[in-house]
Amino acid sequence: MNDYLIQILTESLQQFDLDEQPEIRIEEPNLPEHGDAATNLALTLAKPLRNNPRTIAGQIVEKLQYDENKISAVEIAGPGFINFRFADDYLFEELAGILEQGTDFGKSDEFDGRQVLVEFVSANPTGPLTVGHGRNAVLGDTVSRLLEWTGAEVEREYYFNDAGRQMRVLGESVRARYNELLGKESDFPEDGYQGEYIRDIAQSLVDEQGEGLLDAEDEKPFKEKAEEAIFADISQTLERMGIKMDSFFNEHSLYEDGKIDETVAKLRELDLAYDKDGAVWFRTTKFGKDKDTVLVKSTGEPTYRLPDIAYHANKLDRGFDLCVDVFGADHIATYPDVLSGIKSLGYDPDKVDVVVYQFVTIVKDGQPFKMSTRKANFVTLDELMDEVGADVSRFFFLMRSPNTHLEFDIARAKEAGEKNPVFYLQYAHARICSVMRKVTEEYDFSGKADLSLLNHPSEITLIKTMNKFPKVIAHAAKSREPHHVITYLNELASDFTSFYHDCRILGEDKNIAHARLTLAEAVAQVLRNGLTILGISAPESM
RNA sequence: GCGCCCGUAGCUCAACUGGAUAGAGCAAUUGCCUUCUAAGCAAUAGGUUACAGGUUCGAGUCCUGUCGGGCGUACCA
């Protein structure tokens with residue numbers, strides 16, 4: 001419809017002597033009196049044409065030729081908006097289209113054929129995933145789903161590093177617990193991981209190896225065991241949330257294939273890297289920073305920035321058209337350096353895009369809950385799902401814009417009723433399924449329903465709301481903001497329940513019942529498609 | 001100090017990226033179950049969009065400044 005409006009408006013614009021074609025934007029008015037679609041075209045033309053917007057709007061409308069099967073009215077309103085009203089026939093056609101498209105309704109070709117890598121979670125295996133990782137994981141997965149719905153081919157990747165200091169400390173922590181379990185002296189590392197899971201891992205080592213590791217040369221066997229156990233745990237947690245990674249990328253491989261050294265060498269060639277005080281520095285002052293940044297410490301160990309640059313170069317080498325990174329606001333500082341780095345190396349930084357999300361605050365018993373992985377004072381994702389389930393968890397992580405702090409009120413999420421917004425959507429779906437079951441017992445429909453019988457305001461509103469779905473998905477995908485889908489589904493569910501209360505199906509005349517049932521089926525389809533994108537189930541009964 | 005993000009109803013948050021009278025949910029008040037799920041519907045109340053300027057036909061949205069909050073600002077990730 002948008003394309004059609006733009007087309008007829010463009011034709012009408014030919015009456016003017018314009019230097020360049022203005023961009024025509026169609027928007028949806030927030031008041032129903034203002035029609036179904038509107039354009040501010042006349043307002044933007046006021047300046048170049050040096051005329052009053054209302055006069056221009058009049059001239060545009062005067063010459064406008066439109067199909068009355070699609071548009072029933074065109075009005076000029078306010079300062080010079082042109083408002084369009086859709087014809088009912090057009091709406092009925094669209095409604096029939098929704099059912100024809102079925103599980104594909106909402107898909108578009110916005111990102112058609114593009115190869116996209118979405119990197120997310122990327123937590124080092126030092127402990128169970130926490131609620132903070134949860135937001136990351138669900139955002140990454142849902143952004144992936146959105147991109148898939150808009151035509152992209154998506155690979156989900158998990159980036160990790162099992163070679164750094166964190167992992168060494170992890171190994172030492174396990175070793176200390178292991179010794180402890182065997183009644184030996186242990187010096188638990190000062191900044192060690194204190195969680196109970198460390199003891200469990202140590203215990204399994206005792207079970208498997210007995211005292212065999214007491215005189216191990218270093219922490220390596222402990223580290224390896226921990227990594228294995230923790231990764232198994234992480235994968236299981238992700239699976240529970242409906243997340244399946246396509247690839248795991250170990251930072252270590254960048255050292256093995258020489259990419260780290262290569263990156264430094266290239267930066268040196270460009271005079272963007274230099275030695276000072278035994279370290280290698282990245283000339284970030286060239287990119288507008290007030291300080292240069294260390295790439296390789298004097299110990300010879302790179303800082304995280306260097307592998308990050310090499311890793312992104314690697315992603316682009318693999319031929320992806322777009323690389324999306326999902327990370328928390330605390331990592332934002334490295335992002336400009338990575339972009340500067342890959343740009344210097346000759347890659348297109350526009351192909352890298354970042355979803356930054358703000359922190360999650362868990363509210364337990366009305367009190368904010370401070371978390372720290374090392375001190376083992378956290379809420380794990382598994383604990384969260386034990387409490388509220390995967391559907392509710394996903395929904396809560398997605399319902400806010402990534403850019404805003406997320407307050408996760410466990411008590412509220414646990415209420416299976418009114419206060420919990422997830423159920424509102426699922427309930428609407430379950431209700432439709434229930435009606436469908438009952439109606440098909442009572443009636444015997446054959447052929448297609450006569451949709452022109454739908455003329456109640458609630459019915460018309462519902463159809464219009466459904467028609468917005470593909471646009472919402474495309475917008476959410478482009479902006480990488482899944483919360484738009486939730487906002488939309490709430491509106492749809494709300495419009496449906498109004499319809500449900502205003503218009504009965506069971507007990508009505510057969511033809512009306514058939515038309516309304518068809519409408520309800522379409523709503524169920526859209527709800528299902530939307531929930532599928534969010535990774536939330538659509539139960540048939542509750 | 002500097003950089004990034006944010007400040008919208010009592011609370012948690014939207015607002016199609018500059019459009020018309022700023023919207024939902026929760027909490028509050030009031031109606032509605034012998035009829036397809038009341039996990040619901042309808043209605044009322046709640047606002048100087050932190051503050052002060054500016055840009056223009058038009059600002060919650062853009063620019064400047066002030067105040068308040070979060071996160072960075074490590075040879076930690």
Side-chain angles (χ1 to χ4, degrees), chain A residues 25-31 33-34 38-40 43-44 46-47 52-53 77-81 83 122-124 126 161 164-166 191 276-281 288-291 293-305 307-308 327-336 356-359 361 363 399-401 403-409 412 415-424 426-428 430-439 442 468 471-472 475-476 479 483-484 486-488 490-491 494 497-498 500-508 513 516-517 520 541-542:
Chain A
R25 289 186 46 191
I26 307 294
E27 44 202 52
E28 180 202 324
N30 34 23
L31 267 87
E33 300 95 273
H34 294 149
T39 179
N40 61 350
L43 281 80
T44 58
K47 196 172 260 181
N52 158 344
F81 289 99
N83 297 334
S122 296
N124 283 341
T126 58
N161 176 23
R165 204 189 67 92
Q166 280 183 30
D191 51 356
K276 195 182 96 185
D277 306 332
V280 183
W281 294 71
K289 282 216 164 179
D290 50 2
K291 272 187 250 168
T293 317
V294 171
L295 281 179
V296 184
K297 301 185 230 171
S298 51
T299 59
E301 249 182 315
T303 64
Y304 57 93
R305 246 164 261 256
D308 269 2
F327 55 66
D330 55 335
H331 285 232
I332 186 73
T334 89
Y335 174 56
V356 181
Y357 61 90
Q358 303 293 323
F359 284 164
T361 315
V363 176
M399 72 184 190
R400 303 300 178 210
S401 154
N403 213 353
T404 181
H405 287 265
L406 173 67
E407 190 166 286
F408 200 129
D409 187 333
R412 182 151 170 215
E415 284 190 57
E418 312 134 67
K419 290 176 199 148
N420 193 326
V422 191
F423 290 98
Y424 187 71
Q426 296 183 322
Y427 182 57
R431 245 182 183 174
I432 296 170
C433 294
S434 163
V435 173
M436 280 165 57
R437 284 189 295 267
K438 290 217 161 100
V439 170
E442 300 281 324
K468 289 194 258 177
K471 240 172 105 177
V472 171
H475 179 237
S479 61
H483 74 279
H484 293 300
I486 289 190
T487 308
Y488 169 80
N490 275 323
E491 184 189 345
S494 167
T497 31
S498 299
Y500 177 84
H501 283 269
D502 292 343
C503 306
R504 292 190 55 81
I505 297 175
L506 217 58
E508 292 289 331
R516 287 182 176 164
L517 182 70
S541 63
M542 292 177 75

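Since the model is a prediction, treat every value here as computed from it, not as a measurement.
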hbond_proxy [X] side chain to [N] base (donor-acceptor, 3.5 Å cutoff):
| X | N | answer |
| --- | --- | --- |
| Tyr304(A) | A77(B) | yes |
| Thr404(A) | C6(B) | no |
| Asp502(A) | A42(B) | no |
| Asp330(A) | G72(B) | no |

Counting the atoms with a prime plus P, OP1 and OP2 as sugar-phosphate, which does [X] contact under 4.0 Å by heavy atoms, base, sugar-phosphate, or nothing?
| X | value |
| --- | --- |
| Tyr335(A) | nothing |
| Thr487(A) | sugar-phosphate |
| Ala333(A) | sugar-phosphate |

Worksheet item: Under the 3.5 angstrom rule, does the side chain of Thr404(A) hit a backbone N or O of Ser401(A) as a donor-acceptor pair?
Response: no
Worksheet item: Whom does U48(B) pair with, Watson-Crick or G-U wobble, provided both distances fall under 3.5 Å?
Response: none
Practice prompt. If G10(B) has a Watson-Crick or G-U wobble mate with both distances under 3.5 Å, name it; if not, just say none.
Written response: C26(B)
In whole angstrom, give me the gap between the [atom1] atoms of [N] and [M].
| N | M | atom1 | value |
| --- | --- | --- | --- |
| G3(B) | G65(B) | P | 9 Å |
| U35(B) | C41(B) | C1' | 15 Å |
| G54(B) | U17(B) | P | 28 Å |

Worksheet item: Would one find a side-chain N or O of Arg305(A) under 4.0 angstrom from OP1 or OP2 of C75(B)?
Response: no
Worksheet item: Taking only N and O in the side chain of Thr497(A), is any of them less than 4.0 Å away from OP1 or OP2 of C41(B)?
Response: yes
Side chains of [X] and [Y]: closer than 4.5 Å at any heavy-atom pair?
| X | Y | value |
| --- | --- | --- |
| Arg431(A) | Met542(A) | no |
| Arg504(A) | Leu506(A) | yes |
| Leu43(A) | Pro79(A) | yes |

Tell me the interatomic distance from [X], atom [atom1], to [N], atom [atom2], rounded to whole angstroms.
| X | N | atom1 | atom2 | value |
| --- | --- | --- | --- | --- |
| Asn40(A) | G19(B) | CG | P | 8 Å |
| Phe359(A) | C4(B) | CZ | P | 18 Å |
| His331(A) | C76(B) | NE2 | P | 15 Å |
| Arg400(A) | A15(B) | CZ | C1' | 14 Å |
| Asn403(A) | G69(B) | CG | P | 20 Å |

Worksheet item: Syn or anti for U17(B), with syn set at within 90° of 0?
Response: syn
Item to complete: For C33(B), measure the glycosidic angle (O4'-C1'-N9-C4 for a purine, O4'-C1'-N1-C2 for a pyrimidine) and name it syn if it falls within 90° of 0, otherwise anti.
Response: syn
